[in-house]
Protein chains: 2
Amino acid sequence: MAESKARQVTLRSIADQLGLHVSTVSRVLNGRADDGARAASGDTATRIRRLAQELGYQPDPHGSGLRTGRSKLVGVLVPRLSDLVLAMIYEGIDEAAGELGLTTITANSRDDDKTRRVRTKMLLARRVEGLIFGDASLDSGFLDELAADGGKFVLVNRRAGEHPSVTADDLLGGRLAAEHLLGLGHTDVAVIAGEPYASTGADRTAGFVGLYRDRGLPAPRVVHSPFDTAGGRLAAERLLADPNRPTAIFAVNDFAAIGAMGAARDHGLTVGTDISIMGYNDTPLAAELPVPLTSVSVPMRDMGRRALQMLTRLLFGGEVRSERLPPVLAARASTARIRPAAL
Amino acid sequence: MAESKARQVTLRSIADQLGLHVSTVSRVLNGRADDGARAASGDTATRIRRLAQELGYQPDPHGSGLRTGRSKLVGVLVPRLSDLVLAMIYEGIDEAAGELGLTTITANSRDDDKTRRVRTKMLLARRVEGLIFGDASLDSGFLDELAADGGKFVLVNRRAGEHPSVTADDLLGGRLAAEHLLGLGHTDVAVIAGEPYASTGADRTAGFVGLYRDRGLPAPRVVHSPFDTAGGRLAAERLLADPNRPTAIFAVNDFAAIGAMGAARDHGLTVGTDISIMGYNDTPLAAELPVPLTSVSVPMRDMGRRALQMLTRLLFGGEVRSERLPPVLAARASTARIRPAAL
DNA sequence: TTCCCTAACCCAAACGTTTGGGCCAAACGT
DNA sequence: ACGTTTGGCCCAAACGTTTGGGTTAGGGAA
C-alpha cells in the first residue's frame with residue numbers, strides 16, 4: 001500500500017536486481033541463522049540485506065503463510081472491548097504478542113452465545129493459530145466443543161471447566177474484601193454479584209460470602225446485575241429500598257460500585273460515612289473518584305501477557321497449567337468503620 | 001485449527017471428492033453470481049455447496065490474498081484502547097467492517113510518534129488495505145509522509161491537515177458547552193483543555209473560548225492536561241488553588257472532568273452547588289455518577305462506522321469528503337445556576 | 001447433414017514464500 | 001594426482017486461490 005505504484009518489493013525483485021536466486025535471498029533474509037550462513041557468502045549476504053533494507057522489503061504474510069501454514073495470528077474474544085477491564089487485558093495480550101512477532105485480532109461476543117460462535121468462526125476462517133477467550137461462560141458447552149474439535153485456546157480473566165486459564169484468584173479476592181469490611185465492623189453487608197455465568201463474579205461472591213459464613217455471621221445478601229454502572233445502580237437501589245439496609249456493599253466490579261455510589265447518594269447517603277461501598281479490579285478511575293473507591297487490585301495487563309504466553313506454550317506442543325494471580329486490597333475512603341448512627 | 005487432524009478442507013479436497021475440477025468449485029463457491037452460474041449446472045452447484053457446507057469449508061485467506069492481492073484487512077491505530085472513547089469508536093469501526101467482510105487489526109500508539117510509526121509499519125507489513133487513525137496529531141508530519149507514499153487512510157475522532165476525517169463538530173460542541181454555562185450565569189470559567197496536539201481538545205476549547213469572546217466577556221483560563229482522570233485532577237487543583245477560582249470548569253473529556261470533581265471535593269466544594277463542572281463525550285459513566293455529569297454527547301460508535309465506510313469508499317477509487325457530526329448537550333446535575341454565595 | 005452455439009466443464013498459470021535437494025568449482029587430504 | 005569435502009549458490013515443487021482461456025458434447029438452425 002505504501003508503494004501503490006512502485007509495485008510490491010518481493011524476494012524476486014531483490015534477487016533479480018542482485019543477479020541471485022530467490023531462494024538465496026529468502027534464506028539470508030528469513031532462514032534460521034545457520035541456514036542463512038550456508039546460503040550465501042558474507043559479502044553476498046550483506047548486499048542482500050542492504051538492498052532489502054533500502055527497498056523496505058517486508059515479507060508478504062500471504063506468501064509465507066501459505067507456504068508454512070502459519071499465520072502468526074491469534075484471536076482474542078472478549079465480551080466487549082469498551083469494558084475497561086477487558087481493554088486493559090487485551091493491551092497486555094497484544095503487547096506480549098508483539099514481542100513474539102504475533103498479531104492479534106479481537107472481536108466482541110457481548111456475552112452472547114450465538115455471537116460468540118459466529119465471531120469465533122470468523123477468527124478461525126482468518127486462520128488464527130490459537131485463541132484467547134476473555135468471555136468464558138460457566139454455563140455454555142461451547143468451549144468443550146471447541147476443545148473436542150482440537151481447537152487451541154486459553155482463557156483469561158474468567159475460568160471455565162478444566163480449560164487452561166490465567167485468572168486472578170477471585171476466591172481470595174472475595175475473602176480480602178470480606179476481611180476488610182469485617183475489620184471495619186460491618187456485619188450486615190450485601191454483594192452486587194455480577195452475572196451468574198461469569199466465574200469472576202461468582203468466585204468473588206463465593207469468597208466473600210464464605211468468609212462471613214466461616215465467622216458464623218449471617219450470610220450477606222447477594223443480588224446479581226450486569227457488570228456496568230447502570231446495572232450496579234439498579235442493584236443497589238433494590239438493596240437500599242429495604243428498610244434495614246446493609247451498612248456496606250461489595251460490588252464485584254468497579255463500575256457497578258460507581259453505580260451503587262450514585263444510588264446511595266440518591267438515598268441521601270454519604271458514601272464512606274453513612275454507607276461503605278467497595279468495588280473490584282482497582283480500575284485507574286477508582287483512586288481518582290470524588291470519593292476514592294476501595295477496591296481489590298488485580299494485575300489486568302499482566303494477566304493478558306501471561307495468557308498470550310501460555311497460549312504460545314500450548315501451540316508449541318507444551319502442556320500448560322492454569323495460573324491464578326494474587327489480588328491485593330486497595331483501601332480508600334469509600335469504606336469506613338461502621339458508625340452505629342448509620343443504622 | 002478446528003481440524004488439526006482432518007487436514008484442511010480445501011477447494012481441492014472438495015473437487016476431488018466430487019470428481020470435479022478445483023476451478024469449478026471455486027467459481028461456484030466464490031465467483032460472482034453470473035460466473036458461478038456458467039461454471040456448473042444447477043445440480044452440480046448444489047452438490048458442491050452442500051459438501052462445502054458439510055465439511056465447513058472456509059477459503060484460506062493466504063491463498064486468496066496471495067492470488068488477488070487483497071487482504072480484506074484494515075488497520076486501526078488508536079492512542080490506547082483502554083481509553084473508553086477510542087474503544088467505543090473502535091467497536092463502531094469493527095462492526096461496520098464485519099458487515100463488509102473486512103477484518104480489523106488494531107494497535108496502540110500511545111500518542112507517541114515513534115510508536116505510531118513502528119506500529120503503522122507493522123500493520124502495513126500485514127498488508128492491510130487501508131488504515132484508520134484515531135490518534136492524529138496536529139504537529140506531526142507523519143500523516144503527510146504516509147499520504148505522499150500513497151498510503152490510503154482516513155482519520156477518526158481527531159482531524160489533522162486536509163486528510164479525510166470523520167469527527168464530531170468539536171468547535172460547535174465547545175460553543176454548546178459555553179452557551180450552557182453562560183446560560184447558568186457563569187462568567188468566570190476555566191477550561192481543562194487536554195493535550196495541545198489533539199484537535200478534539202483544541203477545537204472544543206476554541207469553540208468554548210470563542211463564544212465567551214464573542215459575548216465580550218473575559219477570556220476563560222485554559223490549562224492543558226492529559227485526557228485521563230489523574231490529568232484532570234491535577235489541572236483542576238491548579239485552578240482551584242487560585243484565590244479567586246472560577247465558578248465553573250469545562251473539561252474537554254469526561255474522565256478529566258471526573259478528576260476535576262475529585263479535586264473540587266478535596267477543596268471542600270460540592271459539585272453542582274459550590275462549583276459547576278462539565279465534561280465531554282457523554283461517556284456511559286457520566287449519567288450514572290454520584291453527581292451526574294453534564295457533558296456533550298457525540299456519536300462515538302457512529303463515528304467509527306462512518307470512518308470505516310469512508311475508508312472503503314476511498315479504497316474503491318472514490319473521492320471522499322470529511323464528515324463532521326453534530327454533538328448535543330446533555331445537561332445534568334454537575335452544572336447549576338451560579339450562586340453569588342459561591343464566590 | 002453441416003455448422004454453430006451454448007452449457008458445463010477442465011487446464012494452467014500466477015501470486016510470494018519456503019525448503020529439501022541438487023550442482024559446480026575450489027580447497028583440502030593423502 | 002586423485003578423491004573427497006564444502007562453501008556458495010541454483011532448482012523446483014508446493015501451499016490454496018483465482019481467472020482467462022480452452023475443450024467437449026449435445027442441441028438447434030439452416
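Below, chain A is the first sequence line, B the second, and so on; all start at residue 1.
Base-pair partner of C:dG21: D:dC10 (Watson-Crick or G-U wobble, both distances under 3.5 Å). Pairing of C:dC15, defined by two Watson-Crick or G-U wobble distances under 3.5 Å, is identified with D:dG16.
To the nearest 0.5 Å, the span separating CG on A:N157 from OH on A:Y90 amounts to 16.0 Å.
Of the candidate nucleotides D:dG20, C:dC9, C:dG21, D:dG20 has the atom nearest to the side chain of B:R27. Distance from the side chain of B:A40 is smallest for C:dC9 among the nucleotides D:dC9, C:dC9, D:dT17. Proximity note for A:Y57 (side chain, C-beta onward) versus D:dC9, C:dC15, C:dT17: the nearest is C:dT17. Of the candidate nucleotides C:dC10, D:dT17, D:dG16, D:dG16 has the atom nearest to the side chain of B:Q8.
Of the N and O atoms on the side chains of B:D139 and B:S137, at least one donor lies less than 3.5 Å from an acceptor on the other residue.
In this structure, B:S23 does not reach the C:dC9 phosphate: none of its side-chain N or O atoms is under 4.0 Å from OP1 or OP2. Listed pair B:T10 / D:dT17 meets the phosphate criterion, a side-chain N or O lying under 4.0 Å from OP1 or OP2. For C:dC15, the OP1/OP2 oxygens have no side-chain nitrogen or oxygen of B:T68 closer than 4.0 Å. The side chain of A:S26 places no N or O atom within less than 4.0 Å of a non-bridging phosphate oxygen (OP1 or OP2) of C:dT17.
Between the NE2 atom of B:H62 and the C1' atom of D:dA14 there is a distance of 15 Å, rounded to whole Å. Across the protein-nucleic acid pair, B:I48 atom CD1 and C:dC10 atom C1' stand 12 Å apart, rounded to whole Å. Rounded to an integer number of Å, the gap from CG of A:L66 to P of D:dA13 is 17 Å. Counting to the nearest Å, the P atom of C:dT19 and the CG atom of A:L11 are 12 Å from each other. Counting to the nearest Å, the C1' atom of C:dG16 and the CG atom of A:D60 are 6 Å from each other. Note: CG (A:L20) to P (D:dC11) measures 11 Å, nearest angstrom. Rounding to whole angstrom units, CZ of residue A:R12 and C1' of C:dA13 are separated by 12 Å. B:R126 has its CZ atom 14 Å from the P atom of C:dT17, to the nearest Å.
Within 4.0 Å (heavy atoms only), B:T24 reaches at least one base atom of the nucleic acid. In this structure, B:G19 reaches the sugar-phosphate backbone alone: every heavy-atom distance under 4.0 Å involves primed, P, OP1 or OP2 atoms, never a base. When heavy atoms are screened at a 4.0 angstrom cut-off, B:S41 is found touching the sugar-phosphate backbone but no base atom.
Here the options are A:L77, A:I105, A:T120, the test is side-chain contact (heavy atoms from CB on, under 4.5 Å), and the partner is A:L131; only A:T120 passes.
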Report the C-alpha separation of B:D135 and B:V78 in whole Å, then their side-chain angles, then the decisive distance to 0.1 Å, and conclude whether the side chain to side chain contact (heavy atoms under 4.5 Å, CB included) test is met. CA-CA 5 Å; B:D135 68 336; B:V78 297; 5.7 Å; no
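The pair B:R80-B:D112 fails the salt-bridge criterion, with no side-chain N (NZ, NE, NH1 or NH2) lying under 4.0 Å from an Asp/Glu carboxylate O. Contact check on A:R70 versus A:E129 returns a salt bridge, with a Lys/Arg side-chain nitrogen under 4.0 Å from an Asp/Glu carboxylate oxygen.
Toward the 5′ end of DNA chain C lies the nearest nucleotide of B:T44, the other residue of the pair B:G63 and B:T44 mapping further downstream.
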